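Since the model is a prediction, treat every value here as computed from it, not as a measurement. Position 1 is the first residue of the sequence; numbering continues from there.
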Amino acid sequence: SKNGFLFFASDRYAYVAGISILALVAAGLTRITTLVRERFQYLLQAAFAVVFAAMLGSVSFVQANTWGTSETMYQNVLRLYPNSELALNNLGDVWMKEGHRAEAEGMFKKALAIDPGQQSANINMGNLERERGNLQASESYYRMALATVEKKSFVNLDELAPYYYLGRLFDEKGEREKAVEFFTKAVEKAPKYAEPHYNLGVQLEKMGRKQDAEKEFIEAIKRSPLYLDARYHLAAILAEQGKLPQAIAQLEAIVKLVPNYE
């Protein structure tokens, strides 16, 4: 299971499972060769090896082509599983990045017809509507994605995305307190992660709430001491408040961690 989806096998994991099949084949070949005269044994083994290698090689060549690009991979999945909402959304995502907006929208809507709560498809549709300036429609899709997340007791970082998209949407609309509300909810939903604290800190920093932003950046660094962006923003906030020694300490920590950090 991965991000709420169940996978039976992936190509890159199938080789280990294939060992047992190859062992059975080898045992069968051994049994056959013991039934023929010894002088034909090695010739028969060689013939089987050549045929078997040619067969597997041709199948591997065909299968490898499905991994040529992300587009061919998802198209192959849909050929086998036409109702895979994950593949429909991911193919749409590929097309959207290539500028094929209409085709992408079709994929997203097909995914949502199968699973109206599919988070990624709702976010992608929200992004499309946002690009078109349809902010109300965009908000509706983001809230659909959020509804799925809020039902869960535990979430991973990727699942916090609806909070961020809604926060940024309200920030663009000039409703900054509403934006803070969504970034705060992300922190409350997953307080052990550094990223939600950082994103809330950035929003508070934009609003001039320096002390509140400082606290969030400190919380982010507590959870992830190597979070360089959090240290950099904290240094800026500290300097703006006249806390120069503390600001310098953060910048020195960054340079110590990454000497070439511009």
Side-chain angles (χ1 to χ4, degrees), residues 2-4 90 93 96-97 119-120 122-124 126-127 130-131 135 138-139 141-143 145-262:
K2 184 177 181 182
N3 292 339
N90 289 355
D93 192 50
M96 185 164 67
K97 290 174 182 175
Q119 179 179 309
S120 296
N122 273 303
I123 287 176
N124 282 327
N127 290 341
R130 185 175 168 187
E131 286 182 5
L135 299 187
S138 177
E139 181 183 343
Y141 281 114
Y142 290 153
R143 286 189 180 276
L146 184 64
T148 302
V149 178
E150 292 191 324
K151 295 175 184 177
K152 298 183 178 183
S153 300
F154 303 98
V155 297
N156 59 42
L157 281 175
D158 290 339
E159 291 174 313
L160 294 174
Y163 293 105
Y164 303 148
Y165 280 104
L166 280 164
R168 289 163 188 159
L169 181 67
F170 280 103
D171 183 63
E172 288 178 8
K173 292 166 68 175
E175 300 179 43
R176 290 190 163 178
E177 290 299 334
K178 192 73 173 177
V180 168
E181 179 183 325
F182 282 103
F183 287 115
T184 301
K185 285 182 178 180
V187 170
E188 293 169 349
K189 191 69 175 178
K192 67 178 182 178
Y193 291 118
E195 183 184 274
H197 289 282
Y198 170 76
N199 287 334
L200 175 56
V202 170
Q203 182 63 31
L204 293 168
E205 183 181 14
K206 288 171 64 176
M207 297 170 65
R209 293 170 55 178
K210 296 175 184 178
Q211 292 183 342
D212 292 332
E214 178 184 338
K215 291 177 183 177
E216 295 304 323
F217 293 136
I218 290 173
E219 290 298 321
I221 294 166
K222 283 181 182 177
R223 287 156 179 75
S224 180
L226 300 180
Y227 206 147
L228 300 186
D229 286 347
R231 287 188 179 274
Y232 191 82
H233 277 268
L234 177 57
I237 285 289
L238 290 168
E240 289 173 7
Q241 297 178 82
K243 303 176 183 178
L244 298 183
Q246 297 97 314
I248 290 171
Q250 290 299 325
L251 295 174
E252 287 176 338
I254 294 172
V255 173
K256 184 177 180 180
L257 291 167
V258 182
N260 294 323
Y261 191 83
E262 184 175 296

Q) Among all residues two or more places apart in sequence or in another chain, which pass the salt bridge (Lys or Arg N to Asp or Glu O under 4.0 Å) test with Arg209? A) Glu177, Asp212
Could you grab the distance from atom [atom1] of [X] to atom [atom2] of [Y], nearest 0.5 Å is fine?
X      : Y      : atom1 : atom2 : answer
Asn122 : Thr148 : CG    : OG1   : 6.5 Å
Leu251 : Ile248 : CG    : CD1   : 7.5 Å
Arg176 : Met207 : CZ    : CE    : 7.0 Å
Ile123 : Leu166 : CD1   : CG    : 9.0 Å
Arg130 : Tyr165 : CZ    : OH    : 8.0 Å
Tyr198 : Glu205 : OH    : CD    : 8.0 Å

Q. Do NZ/NE/NH1/NH2 and the carboxylate oxygens of Lys210 and Glu214 come within less than 4.0 Å?
A.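 Between Glu214 and Lys210 there is no salt bridge, as every charged N stays at least 4.0 Å from the carboxylate O atoms.
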Q) Taking 4.0 angstrom as the limit, do Glu139 and Lys173 come out as a salt bridge? A)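 Salt bridge flag = yes for Lys173 with Glu139.
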Q) Can you tell me if Gln119 and Glu159 form a side-chain donor-acceptor pair at under 3.5 Å? A)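 No, no side-chain donor-acceptor contact under 3.5 Å.
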Q: Determine whether the aromatic ring centres of Phe182 and Tyr163 lie less than 6.0 Å apart.
A: no
Nearest heavy atoms of [X] and [Y], plus distance in Å:
X      : Y      : answer
Val149 : Pro162 : CG2-CG, 4.0 Å
Ile254 : Leu228 : CD1-O, 3.8 Å
Ala235 : Gln250 : CB-CB, 3.9 Å

Q.
Quick check against the 3.5 Å criterion: does Asp171 have a side-chain atom that pairs as donor or acceptor with the backbone of Gly167?
A. no
(Q) Using the rule given for side chain to side chain donor-acceptor pair (under 3.5 Å), can you reason through Tyr142 versus Asn127, listing the C-alpha separation, both sets of side-chain angles and the distance that settles it, and then say yes or no? (A) CA-CA 9 Å; Tyr142 290 153; Asn127 290 341; 2.5 Å; yes
Q) Any side-chain heavy atom of Val255 within less than 4.5 Å of one from Tyr261? A) no
Q) CZ of Phe183: more than 12 outside heavy atoms within 6.0 angstrom? A) yes
Q) Would Ile237 and Phe217 satisfy side-chain contact (heavy atoms from CB on, under 4.5 Å), going step by step from the backbone distance to the final call? A) CA-CA 9 Å; Ile237 285 289; Phe217 293 136; 3.9 Å; yes
Residues 184-196, side-chain donor-acceptor partners within the protein, below 3.5 Å, at least two apart:
residue	atom	partner	partner atom	Å
Thr184	OG1	Val180	O	2.7
Lys185	NZ	Glu181	OE2	3.4
Lys189	NZ	Lys152	O	2.5
Glu195	OE2	Tyr164	OH	3.3

(Q) Among Glu219, Lys215, Glu216, Lys222, which residue satisfies the side chain to side chain donor-acceptor pair (under 3.5 Å) criterion with His197? (A) Glu216
